[in-house]
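So you know, we letter chains A, B, ... as the sequences are listed, proteins then strands, and number each from 1.
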Amino acid sequence: MNCKAIISELADYLDEALDPILRASIEEHLGKCKDCRIVVDTTKRTIEIFCNSEPAPLPLTIRQRLHEALAKRLRRVRA
Amino acid sequence: MSSPKLDPVESRALPSQVVKADEPILVAAAQNGDISAFETLVGRYERKIFRLTQNITQNREDAEDAMQEAFLKAFEHLREFQGNSRFYTWLVRIAVNQALMKLRKRRPNVVSLDEEVDTGEDMMPREVEDWGPSPEQRYEQTELSGILSNVIGELDPPFRVVFQLRDIEELSTEETAEALGLSVPAVKSRLLRARLKLRQKLNQYFRQGANS
């Protein structure tokens with residue numbers, strides 16, 4: 001297992017979609033290669049930072065227009 | 001989390017698989033004509049759907065239109081929702097379609113999401129620097145939101161959309177493939193590239209000493 005192979009398996013490794021033998025082989029390499037450890041760690045954090053980020057509040061005007069459009073459609077349904 | 005030592009990746013249930021307890025009740029009520037139940041669902045997801053359409057279209061006006069159309073379409077087709085997936089996943093698929101239509105209309109020359117994307121690019125990361133503990137906490141919430149929005153906007157659409165669905169909306173790889181009409185290997189390939197590109201872009205903000 002070399003650094004290039006680690007990168008090509010990275011997505012499946014982070015998603016825990018690898019078979020145990022391949023996973024163990026990757027972890028053996030990570031135990032010896034600091035650069036790969038950093039790449040794996042920072043890629044994992046990249047996903048977590050995006051995943052954990054809260055969406056910004058909806059701007060008031062956009063929210064108003066959305067609910068007006070919905071109300072208009074809902075009124076038509078009720079009629 | 002401060003050391004570069006790799007902790008085993010914790011297994012986690014995807015939020016797309018975790019249903020809020022009252023969601024099926026709200027959906028069933030909305031399907032039976034309870035308008036306030038539908039409005040509750042809209043209020044629950046409007047921020048996330050707007051972020052999704054904004055990230056895909058990279059245009060505020062298009063994002064607003066796509067979001068509105070997504071909610072209106074969801075309401076119109078609510079009775080077709082079978083409950084085989086989470087309501088939010090169903091809604092995301094509708095919103096993605098609306099956002100992609102806007103993107104294609106505004107940028108007809110944009111690479112088709114269906115096309116093979118270049119796979120000849122060397123993916124080996126060149127900047128390998130530790131980020132230190134909780135690098136995102138060095139930024140205010142609004143500043144961080146801006147950084148994330150900017151870096152994802154710099155990705156080409158085929159990568160941006162896959163990352164958005166898979167890692168932000170947390171659809172499974174199979175759900176992402178189905179929503180975009182792509183094969184599972186294509187989703188995996190694009191996801192890997194998107195993650196590595198974003199890691200590289202965030203490196204300038206999060207490497208140790210970047211904001212000191």
Give, for atom [atom1] of [X] and atom [atom2] of [Y], the distance between the pair rounded to the nearest 0.5 Å.
{"X": "B/Leu192", "Y": "A/Ile7", "atom1": "CG", "atom2": "CD1", "answer": "7.5 Å"}
{"X": "B/Leu144", "Y": "A/Ser53", "atom1": "CG", "atom2": "OG", "answer": "7.0 Å"}
{"X": "A/Leu58", "Y": "B/Glu46", "atom1": "CG", "atom2": "CD", "answer": "5.0 Å"}
{"X": "A/Thr46", "Y": "B/Leu202", "atom1": "OG1", "atom2": "CG", "answer": "5.0 Å"}
{"X": "B/Asp167", "Y": "A/Asp15", "atom1": "CG", "atom2": "CG", "answer": "7.0 Å"}
{"X": "B/Lys188", "Y": "A/Ser8", "atom1": "NZ", "atom2": "OG", "answer": "12.0 Å"}

Heavy atoms from other residues, nucleotides or ligands near [atom1] of [X] exceed 12 (cutoff 6.0 Å):
{"X": "B/Lys201", "atom1": "NZ", "value": "yes"}
{"X": "B/Gln31", "atom1": "CD", "value": "yes"}
{"X": "B/Glu140", "atom1": "CD", "value": "no"}

Can you name the closest pair of heavy atoms from [X] and [Y] and give their distance?
{"X": "B/Trp131", "Y": "A/Ile49", "value": "CZ3-CD1, 4.3 Å"}
{"X": "A/Pro55", "Y": "B/Arg51", "value": "N-NH1, 3.6 Å"}
{"X": "A/Pro59", "Y": "B/Arg60", "value": "CG-NH2, 2.9 Å"}

field: Salt-bridge criterion met for A/Lys34 and B/Asp130 (N-O under 4.0 Å)
entry: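 Salt bridge: no.
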
Salt bridge present between B/Glu136 and A/Arg45 (N-O < 4.0 angstrom): no

message: Less than 4.5 Å to any heavy atom of chain A: does that hold for the side chain of B/Leu148, its backbone, both, or neither?
response: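 Both parts, backbone and side chain.
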
Any side-chain heavy atom of [X] within less than 4.5 Å of one from [Y]?
{"X": "B/Asn203", "Y": "A/Thr42", "answer": "no"}
{"X": "B/Met67", "Y": "A/Ile62", "answer": "yes"}
{"X": "A/Leu66", "Y": "B/Phe50", "answer": "no"}

- request: Verify, without hydrogens or angle tests, whether B/Arg195 (side chain) and A/Thr43 (backbone) share a donor-acceptor contact under 3.5 angstrom.
  value: no

If I measure from the heavy atoms of chain B, does [X] come under 4.5 Å with its side chain, its backbone, both, or neither?
{"X": "A/Ala69", "answer": "both"}
{"X": "A/Arg63", "answer": "side chain"}
{"X": "A/Asp12", "answer": "side chain"}
{"X": "A/Cys3", "answer": "both"}

task: Take A/Asp41 and B/Arg199 through the salt bridge (Lys or Arg N to Asp or Glu O under 4.0 Å) test and state the conclusion after the steps.
output: CA-CA 10 Å; A/Asp41 181 57; B/Arg199 187 206 75 86; over 6 Å; no

- request: Tell me, out of B/Gln54, B/Gln200, B/Glu64, B/Glu76, who's got the most heavy-atom pairs with chain A below 4.5 Å.
  value: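 The option with the most such pairs is B/Glu64.
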
